[in-house]
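Here's the structure, in structure tokens; my notes come after.
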Amino acid sequence: MAIFHLSAKIISRGKGQSAVASAAYRSGTKLHDERYNETQNYTNKRFIEHSEIQLPKQAPEAYKDRATLWNAVEKAEKAKNAQLAREIELALPKELSFDQQVKLVHDYVQANFVDQGMVADWSIHNPQPDKDNPEKPANPHAHIMLTVRSLRSNGSWAPKQKTNYKLDQNGQKVPQIDPKTGKQKIGSKGRRMWQRITVAYNDWNDQDNVEKWRKNWAEACNLLLKPDQQIDHRSYKRQGKEQIPTQHEGHYAQALERKRPGSSWKVAQNQEIREQNRLILLLLQQWRKIEKAISELKQKIATAKNLEEERIDERLRSLEQGLNDGRGLEEASGRERQAKSRLTSPDTEALLRQTEAQRSAETTQQRLAELERATREAQRSRQSTGGESKAKTTQRAIKPQYPGNKGRGR
């Protein structure tokens with residue numbers, strides 16, 4: 001499984017270190033240290049699979065030679081506690097082939113260091129199990145030595161610090177004021193004097209760089225790794241993982257542990273941390289199962305709730321429809337009652353009486369007309385017969401009958 005490891009440290013003369021000796025050890029070569037007039041020979045060092053020097057465009061080609069490069073670095077530094085070089089140590093993914101590892105480191109070094117003006121001397125180490133430690137896993141990693149001084153365009157070493165004019169908030173130079181006159185100081189050659197500040201020649205010592213280098217290394221590796229092999233440059237805490245970080249043991253602690261098992265406190269501490277992390281992982285797995293079961297139960301409850309709500313809604317719709325139908329029947333019944341009430345209202349009764357009276361009058365008029373016709377006919381008949389008795393008989397036979405007076409004379 002791929003792991004993330006990238007550390008940065010300074011190789012310093014104040015710690016008794018030498019740039020030439022450090023380069024010889026990491027490259028497994030034999031170099032002569034001109035400052036101390038000593039030869040550093042590490043040609044017997046095993047498991048060094050690749051070494052390479054990468055130069056920025058302003059660097060002399062002579063610096064392709066490792067001894068020339070680091071002796072020049074030692075010569076440029078005068079202080080007894082001078083910083084000689086910066087070392088970046090990083091773990092290489094075991095999942096990648098050797099050629100992939102070499103190209104990965106080369107491209108990473110070029111983009112993050114050489115393009116910024118540093119000279120880089122790096123080597124790949126890949127310790128393997130041996131007869132003294134047959135269970136030791138392979139540990140491919142790279143050591144990258146970087147120069148800490150910038151190179152000028154002519155190839156010479158630049159100073160580590162430089163002075164710049166001090167600027168005010170408007171970007172204007174701040175003058176040096178003579179406290180006696182209150183005016184700007186004038187130099188010996190009649191030039192006005194300005195305040196200056198000392199700054200680093202480059203920003204390579206900026207603490208934010210380490211975070212950037214770590215992030216860029218993780219991203220470069222992840223471009224070549226499968227999704228389930230991805231690495232993260234952040235700490236467990238920043239990732240939100242409930243795990244305890246182990247400490248980098250280093251080859252000294254590992255060698256001591258191989259020689260006398262149990263004698264290295266770092267190795268013993270890491271073994272204890274790994275066991276604790278194993279227990280934490282088991283607890284987390286159990287907790288994930290519980291969370292999954294809770295989630296499934298919540299889903300079932302939500303599904304049952306939705307079904308019940310649908311049934312309730314359907315029942316409410318049915319009741320509402322029935323209520324609406326009942327209201328329709330009630331409205332129809334109301335209209336019928338209104339119609340009946342209109343028929344039995346006082347106005348309606350008066351209308352009926354008026355209509356009945358009209359009909360009675362019309363009947364009376366019709367009967368009167370019939371009576372008049374009968375009378376005329378009787379008169380014509382009497383005249384034709386000339387008899388009195390016949391006329392009376394006829395008059396009695398057709399005596400009119402008035403409404404409401406049936407059976408009585410007029």
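Sequential numbering from 1 along the given sequence is applied to the chain's residues.
Judged by distance alone, the side chain of Gln184 and the main-chain N or O of Met193 form a donor-acceptor pair under 3.5 Å. A donor-acceptor distance shorter than 3.5 angstrom exists from the side chain of Glu74 to the backbone of Ala19, with no hydrogens or angles considered. Between the side chain of Arg13 and the backbone N or O of Ala79 there is at least one donor-acceptor pair closer than 3.5 Å. Distance alone, capped at 3.5 Å, is enough to place a donor-acceptor pair between the Asn209 side chain and the Asp203 backbone. Remark: the backbone N or O of Ile186 is not paired with any side-chain donor or acceptor of Lys189 at under 3.5 angstrom. Looking at Gln100, its side chain does come within 3.5 Å of a backbone N or O of Ser97 through a donor-acceptor pair. Judged by distance alone, the side chain of Asn222 and the main-chain N or O of Ile231 form a donor-acceptor pair under 3.5 Å.
Side-chain contact annotation: Asn205 with Arg86, donor-acceptor N/O pair under 3.5 Å present. For the 3.5 Å distance criterion, the side chains of Glu38 and His32 fail to qualify, holding no donor opposite an acceptor. With no hydrogens or angles considered, no side-chain donor-acceptor pair links Ser51 and Ser27 at under 3.5 Å. A side-chain donor-acceptor contact under 3.5 Å links Asn154 and Ser156. Looking only at atom types and distance, the side chain of Gln110 has a donor-acceptor partner in the side chain of Gln54 under 3.5 Å away. In summary, the side chains of His141 and Glu89 do not present any donor paired with an acceptor at a separation below 3.5 Å, with no hydrogens or angles considered. Side chains of Thr39 and Asn41: no donor on one and acceptor on the other come within 3.5 Å.
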Full working for side-chain contact (heavy atoms from CB on, under 4.5 Å) between Val114 and Leu55: CA-CA 6 Å; Val114 179; Leu55 303 177; 5.8 Å; no
Derivation of the side-chain contact (heavy atoms from CB on, under 4.5 Å) call for Arg149 and Thr147: CA-CA 6 Å; Arg149 279 184 184 267; Thr147 55; 5.7 Å; no
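Under the rule for a salt bridge (charged side-chain N to carboxylate O under 4.0 Å, His left out), Arg214 has no partner lying at least two apart in sequence or in another chain. Residues satisfying the side-chain contact (heavy atoms from CB on, under 4.5 Å) test with Pro60, not counting sequence neighbours, are Tyr63. For Val102, the side-chain contact (heavy atoms from CB on, under 4.5 Å) partners are His50, Phe98, Trp122, Ile124, not counting sequence neighbours. Asn112 pairs by the side-chain contact (heavy atoms from CB on, under 4.5 Å) definition with Tyr108, Trp213, Asn216, not counting sequence neighbours. Residues that satisfy the side-chain contact (heavy atoms from CB on, under 4.5 Å) test with Thr163, not counting sequence neighbours, are Arg196, Thr198. When the side chain to side chain donor-acceptor pair (under 3.5 Å) test is applied to Glu211, the partners found at least two apart in sequence or on another chain are His233, Arg238. Tyr42 is linked by a ring pair (Phe, Tyr, Trp, His ring centres under 6.0 Å) to Tyr25, counting only residues two or more places apart in sequence or in another chain. With sequence neighbours excluded, no residue forms a salt bridge (charged side-chain N to carboxylate O under 4.0 Å, His left out) with Asp65.
Note that the OG1 atom of Thr303 and the NZ atom of Lys305 stand 12.0 Å from one another [nearest 0.5 Å]. The distance from atom CG of Leu279 to atom CZ of Arg274, rounded to the nearest 0.5 Å, is 14.5 Å. Between the CD atom in Gln230 and the CG atom in Leu223 there is a gap of 8.5 Å [rounded to 0.5 Å]. Between atom CG of residue Leu90 and atom CZ of residue Phe4 there is a gap of 8.5 Å, rounded to the nearest 0.5 Å. The CD atom of Gln229 lies 4.5 Å from the CD atom of Glu95; values are rounded to the nearest 0.5 Å. Annotation: the span from Leu146 atom CG to Phe113 atom CZ amounts to 5.5 Å, rounded to 0.5 Å.
Nearest heavy-atom pair, Trp204 versus Gln116, reported as atom, atom and distance to 0.1 Å: CZ2-O, 3.2 Å. Summarising the geometry of Pro175 relative to Lys173, their closest heavy-atom pair is CD-O, 3.6 Å, with the distance given to 0.1 Å. Nearest heavy-atom pair, His5 versus Ser7, reported as atom, atom and distance to 0.1 Å: NE2-OG, 3.6 Å. Of all the heavy atoms in Ala24 and Leu31, the pair that sits closest is N-CD1, 3.6 Å. Considering every non-hydrogen atom in both Leu151 and Pro56, the closest pair reads CD1-CG, 4.3 Å. Scanning both residues, Gln83 and Val148, for their nearest heavy atoms gives O-CG2, 3.5 Å.
Atom NZ of Lys215 has 12 or fewer neighbouring heavy atoms from other residues, nucleotides or ligands inside a 6.0 Å radius. No more than 12 heavy-atom neighbours from other residues, nucleotides or ligands sit within 6.0 angstrom of CD on Gln207. Within 6.0 Å of the CZ atom in Arg152, the count of heavy atoms belonging to other residues, nucleotides or ligands exceeds 12. The local environment of NZ in Lys15 is crowded, with over 12 non-hydrogen atoms from other residues, nucleotides or ligands closer than 6.0 Å. Atom CG of Asn44 sits in a sparse spot, with 12 or fewer heavy atoms from other residues, nucleotides or ligands closer than 6.0 Å. No more than 12 heavy atoms of other residues, nucleotides or ligands lie within 6.0 Å of CZ in Arg191, so this atom counts as exposed by the packing criterion.
A salt bridge does not link Glu314 with Arg311: none of the charged nitrogens is closer than 4.0 Å to a carboxylate oxygen. The residues Asp208 and Lys212 are annotated as not salt-bridged, no charged nitrogen and carboxylate oxygen being separated by less than 4.0 angstrom.
In this structure the side chain of Glu61 reaches within 4.5 angstrom of the side chain of Lys64, judged on heavy atoms. At least one side-chain heavy atom of Arg66 sits less than 4.5 Å from a side-chain heavy atom of Thr29. Between Trp217 and Ile88, the closest side-chain pair of non-hydrogen atoms is not below 4.5 Å. Two residues are said to be in side-chain contact when any heavy atoms from C-beta on lie closer than 4.5 Å; Val174 and Leu167 fail this criterion. Between Tyr36 and Val20 there is no side-chain heavy-atom pair separated by less than 4.5 Å. A 4.5 Å side-chain heavy-atom check between Val109 and Ile144 finds at least one atom pair inside the cut-off.
Sorted by first and then second residue, the salt bridge (charged side-chain N to carboxylate O under 4.0 Å, His left out) pairs with a member in residues 157-168 read Glu77-Lys160; sequence neighbours excluded. For residues 25-37, the salt bridge (charged side-chain N to carboxylate O under 4.0 Å, His left out) pairs, not counting sequence neighbours, are Arg26-Glu87. Pairs passing the salt bridge (charged side-chain N to carboxylate O under 4.0 Å, His left out) check and including a residue from residues 177-188, sequence neighbours excluded, do not occur.
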Kindly list each side-chain donor-acceptor pair under 3.5 angstrom involving residues 280-299, sequence neighbours excluded, with atom names and distances?
residue : atom : partner : partner atom : Å
Trp287  : NE1  : Glu291  : OE2          : 2.8

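Taking the ring centroids of His143 and His125, they lie under the 6.0 Å cut-off.
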